[in-house]
Amino acid sequence: MNSKQSRTDMVERLFDPVSSDRCHLGVQVMQLSLACWQEATSRDRKDLARQSGLWNLYTDINGHERTQTLDKYLSEETFPRRPRWNRIYATARYVLSAGKESSLLCDQLKQMLESLDKIDENPSDKSICIR
């Protein structure tokens with residue numbers, strides 16, 4: 001592949017509306033996962049990170065715990081350019097399995113996860129999320 005063709009491919013990926021929709025849905029799935037988790041368990045995002053084992057929990061010198069990586073997935077401004085989609089799916093599935101009963105938030109999470117699945121039927125491993 002020549003460099004002109006590779007630049008053209010990159011520009012097409014950057015302005016791909018499916019990629020943008022996918023990234024937007026990724027943020028929504030993570031936000032709903034956290035909201036559903038908090039509603040179902042009355043616990044916070046630190047507990048989600050600790051119990052699921054999917055996200056790192058950092059402790060600073062003062063003993064305060066932070067979910068630095070998880071937090072990046074909760075906002076479109078900080079959502080990674082190359083997100084770990086498997087963690088997004090795993091987090092949502094973990095939260096849905098931890099929920100004792102159905103709720104409006106968890107039902108919305110299921111719908112968002114299905115929407116993300118539909119977009120991912122033809123995944124582009126090299127899709128880049130732009131802000």
Side-chain angles (χ1 to χ4, degrees):
M1 180 185 303
N2 64 35
S3 87
K4 184 176 182 180
Q5 184 181 6
S6 99
R7 275 184 271 145
T8 303
D9 291 344
M10 188 172 91
V11 169
E12 286 174 3
R13 282 195 311 266
L14 285 174
F15 297 105
D16 180 9
V18 172
S19 177
S20 297
D21 290 346
R22 184 179 188 217
C23 297
H24 179 72
L25 277 173
V27 172
Q28 290 180 319
V29 165
M30 288 301 296
Q31 290 172 344
L32 281 168
S33 293
L34 181 58
C36 180
W37 170 259
Q38 290 171 330
E39 180 183 73
T41 65
S42 300
R43 297 181 181 260
D44 64 8
R45 66 182 185 271
K46 295 172 193 169
D47 293 314
L48 173 59
R50 185 180 300 109
Q51 290 179 17
S52 71
L54 296 167
W55 303 95
N56 290 330
L57 197 59
Y58 302 97
T59 306
D60 65 16
I61 2 179
N62 299 324
H64 294 98
E65 294 178 322
R66 297 181 316 152
T67 54
Q68 182 176 331
T69 309
L70 172 72
D71 293 349
K72 291 179 183 178
Y73 284 75
L74 297 173
S75 166
E76 287 192 40
E77 289 78 30
T78 58
F79 195 76
R81 287 181 53 137
R82 296 183 194 275
R84 308 260 186 222
W85 292 103
N86 57 343
R87 279 195 193 172
I88 293 171
Y89 280 104
T91 301
R93 290 184 182 119
Y94 179 82
V95 167
L96 289 171
S97 71
K100 307 290 188 266
E101 56 189 60
S102 184
S103 72
L104 181 60
L105 284 172
C106 294
D107 290 343
Q108 287 177 330
L109 175 58
K110 287 177 195 170
Q111 290 174 350
M112 287 290 167
L113 200 54
E114 287 172 12
S115 297
L116 191 56
D117 273 335
K118 286 179 187 174
I119 288 176
D120 279 348
E121 285 176 358
N122 297 313
S124 169
D125 292 340
K126 297 184 181 192
S127 64
I128 298 173
C129 294
I130 56 172
R131 296 178 204 137

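Computed over heavy atoms, backbone and side chain alike; hydrogens, waters and symmetry mates excluded. Numbers here are sequence positions counted from 1.
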Would you check if L113 and R93 make a side-chain contact, meaning some heavy-atom pair closer than 4.5 Å? yes

Just verifying a value: how many Å separate C23 SG and R82 CZ, rounded to the nearest 0.5 Å? 11.0 Å

Is there a side-chain contact between T67 and D44 (heavy atoms, below 4.5 Å)? no

How long is the span from the OG atom in S33 to the CD atom in Q38, to the nearest 0.5 Å? 11.0 Å

Flag, side chain of D60 to backbone of N62, donor-acceptor distance under 3.5 Å: yes

Mind checking the CG-CD spacing from L105 to Q31? Nearest 0.5 Å is all I need. 11.5 Å

Out of curiosity, L54 CG to I88 CD1, how far, rounded to the nearest 0.5 Å? 11.5 Å

In the structure I gave you, are the side-chain heavy atoms of M30 and L70 within less than 4.5 Å of one another anywhere? yes

Would you call D71 and R45 a salt bridge, taking side-chain N to carboxylate O under 4.0 Å as the test? yes

Do D117 and Y89 have side chains that get closer than 4.5 Å, going by heavy atoms? yes

Sub-4.5 Å side-chain heavy-atom contact between K110 and D107: yes

Cluster overlap L57 with Y73, hydrophobic side-chain contacts below 4.5 Å: no

Rounding to 0.5 Å, atoms SG (C36) and CG (L96) come to a distance of 5.5 Å

So which atom in C129 and which in W85 form the shortest heavy-atom distance, rounded to 0.1 Å? SG-CZ2, 4.2 Å

Counting only heavy atoms not in R84 (residues, nucleotides, ligands), do more than 12 fall under 6.0 Å from its CZ? no

Should Y58 and T69 be marked as a side-chain contact (heavy atoms from CB on, under 4.5 Å) after you check the CA-CA gap, both sets of side-chain angles, and the distance that decides it? CA-CA 9 Å; Y58 302 97; T69 309; 3.7 Å; yes

Work out which heavy atom in F79 is nearest to a heavy atom in G26; give both atom names and the distance. CE1-C, 4.0 Å

Close side-chain approach of D47 to W37, heavy-atom, < 4.5 Å: yes

Can Q68 and N56 be said to form a side-chain contact (heavy atoms from CB on, under 4.5 Å), step by step? CA-CA 8 Å; Q68 182 176 331; N56 290 330; over 6 Å; no

Just so I know, are the side chains of L25 and Q28 near enough to count as touching, which here means a heavy-atom distance under 4.5 Å? yes

Roughly how far, to the nearest 0.5 Å, is the CG atom of L48 from the CG atom of L34? 6.5 Å

Kindly give the heavy-atom pair with the smallest separation between P80 and K72, and that separation in Å. CD-O, 4.0 Å

